[in-house]
Amino acid sequence: MRDRASLGDFVLTAHRHLDPASGLHGPAGGRGSAEEVSQSLQRLIAVMSRYVADVTGAFADVPARPRRQLHHWAAAGVKARQALGHAQTFLGGAGPRPRPRGEAVSPVARRLDAAAVSLTAGRDLLQTHFALEPDGVRRARSEWAAVITSPEAGRAMLAEIGTLSRQAARQGTDVALAGPLGSRRADGPRRALNSACQWLWAMDAAVRAAHQQQPVTLADRDLLFAVPANVLPPRRLPQGRETVSELCERTIASAERVRHLAWLAADHAHRSPVLTVTSLRQVAENSALTSRHCDILLRTLGSGPASGRLREQLLAAAVAAGQARDSWRHAAAALDRVTTDMPGRLSPHAIESEDLAAWTGRLAYADPGWTISKPGDHAPRPAADLAARPDDVGMVVAAVHHASHALTGLANADREQIHGGARTGRLLVPTRSMPETFDIPRAFTRAPDSRVRPVASAYTGAGRSSAHATDAVAAVAEAAGAPSRLLARADAAAQPGLPQADTADRGEPAATEREHVPGPVERVLHNLGVTRPDLLRRAAEADRVSEQLIIEAANDREPDQAPPRRAAISATVHTAELINHAVASGDPRAAKLLHRPRPADREPPDREPPDREP
Amino acid sequence: MSRIAAASRRLAGAEGLVAVLDAAYEGFEELLGCLRAHEDSSDGGFAVFLLSATRVANGRDCLLFAPSIPSRSSHPVPAPDQRRPDGGARAGAGELATFAELLASKLSEAAGLVGPGRDREACQGAARYAREVAALLDGAGP
């Protein structure tokens, strides 16, 4: 059970709201007024635009011509942003009006409103990982910020917005094209709604084109969906009655707390307000204990239900955890030779590091009465108790993986603290440990570089060996299908210096298949009650041929040829349906069929220059 | 444990605040050297010695901030990396616990010799850590 909401909860809920088949907001066939649906669609587009702006902020002001040289996804982001802008302008450039009190009348509007609310909540969740500084600079507030702004998460986000756009467009056009289209004056809202939906499809097509070039993988999507609210899980202490499953969950929660608090400590290291030697020692001591517990747990799993390659990986990871234990012990010993100006106070991450040692110890040892303060000789928990079935291995491996990962963060944080303390003269040494030639009237003095270096070096070693152990456990997590696999992906995404893995290495591409949407000919057959598969297949083929013909014809026009009048190509419901079907095909060339909003549609004017390359 | 025995004798014979602070500081140093060496054991003693060593280092540092502690030791002391025990880990644990108790006792006494202030706080803080070490090494827990 998770303690925190994650982005995936809100995005998946938005998808569910937009699915007419879910029946959440009334019957699937229910429509409504174009005005009401347009208002609801505007609200949805507004929040989708904010997501896209978050992803594409760096490219927003790239002029039209250099945009062609942008990387696939950067270019897709710019096009997506532009398409959503056009859609919004068609619906009334002033932006959405606040929704009137009470539910919308039509099921379509209710679906769109509900999806907008879910997406807004999801974006609020993402914003908890950032803070706006007084100088207007957006500053990271958590270790997840680097994941959120990573190319992987950006691609996955654009893909999700593309899918949502497609879902919304289909329902919007059902409302826009319900019944014959009259004059522009009489049916203006319906025509505007249809035009807006066409741009939503164009947005989806731009994203799909980038996906063809560099696919979004399921791993990218899982990583994006896993972004949690920036709220720490509650602090819990062992009671002695927890099951193995509960111990694993609480170890993971404790590791998440440690990781976040360590990130904050590293982030604030230049001010080093929490630097005390007591904290450093407590972290080193508890990290050595946690590494030892990880070693025991991995060995126990290796002697239990795991077999073959997995067993070998478990034992290799145990060796790596043992090495991490030794390097932490070495760091603890290095601290014997220094102190700080304010011993005694404990930092939040030092306090939490003891909790992590306590949870991993309770998991590793059989005795439910085991505590850190009574370490002594204790028998490890039997393998049959730790993981009764092969399926249980993943759960325990996930706990070890999170714990090991947190130790890497602790090593990095405290190394930064030590460097900060040395720079500011807060790292001290006893005078009696200095040569007699030092004539110092106090019992302590500022630590010379020769004393700081071994300590910093010990922490570098602790960080490296903890990272090595984490990598070894990550390999086990992959093999065992443990949910903690995301940790390695989050690390890779958050470190822009690392080379991008091929899609083959990043896992399966996310689904690219689109749901089959009947075209005009096929719909006529459905309306005639035709069910013969061969006839429906022929109808679908006829729709595809006409769709391709229209797209090719639109792209065959001379560049200096005057654009067709909007009214001419979408004069009737029938022609509008043909155009919609072509635009909805996902072929990015179909954007040539679309009109950009005219000045009269804009309120206020679009600040971006006309761009002939959608 | 000849060094521990020597440190015990010196601490037991220390009279007055300055002498106790000086002897206790060196006593903590000796204890720390022994405990770090014992951590190498891979059995259950690993955690006991590791936790004890942290508390010994913290106790020693409490004394460092006592205004009355001499900035130099009153007698020659070995370099930190030469402070190594000459006994087995298990055999030594009891002796180390006894020495930690002595540290706690002498520092508590010294705290009683002075009025409120940083010397007393230093002695009380160091005594508390010494008691925790004694309890850990006894296997009873603090």
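Quick note on labels: first sequence line is chain A, next is B, and so on, each numbered from 1. Only heavy atoms go into these numbers, but all of them, side chains included; no hydrogens, no water, no symmetry mates.
For B:Y129, the part sitting under 4.5 Å from any heavy atom of chain A is the side chain, from C-beta outward, and nothing else. With a 4.5 angstrom heavy-atom cutoff, A:D326 does not touch chain B via any of its atoms. With a 4.5 Å cut-off on non-hydrogen atoms, A:T340 touches chain B through its backbone but not through its side chain.
Options A:I372, A:D336, A:L428 differ in how many heavy-atom pairs under 4.5 Å they form with chain B, and the most are formed by A:D336.
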Under 3.5 Å, sequence neighbours excluded: what are the donor-acceptor pairs made by side chains of residues 62-69 of chain B?
| unit_1 | atom_1 | unit_2 | atom_2 | d |
| --- | --- | --- | --- | --- |
| B:S68 | OG | B:D119 | OD1 | 3.4 |
| B:S68 | OG | B:D119 | OD2 | 2.5 |

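Contact annotation: the side chain of A:P375 approaches that of B:L136 to within less than 4.5 Å [non-hydrogen atoms, C-beta and beyond].
Taking a cutoff of 4.0 Å between a charged side-chain nitrogen and a carboxylate oxygen, A:R432 and B:E29 do not qualify as a salt bridge.
Minimum heavy-atom separation, B:R36 to A:R329: O-NH1, 4.1 Å. Between A:V338 and B:D61, the shortest heavy-atom contact is O-OD2, 3.9 Å.
Around atom CZ of B:R120, more than 12 heavy atoms belonging to other residues, nucleotides or ligands sit under 6.0 Å away.
Chain B is approached within less than 4.5 Å, heavy atom to heavy atom, by A:R281, A:E285, A:A288, A:L289 from residues 281-289 of chain A, ordered by number.
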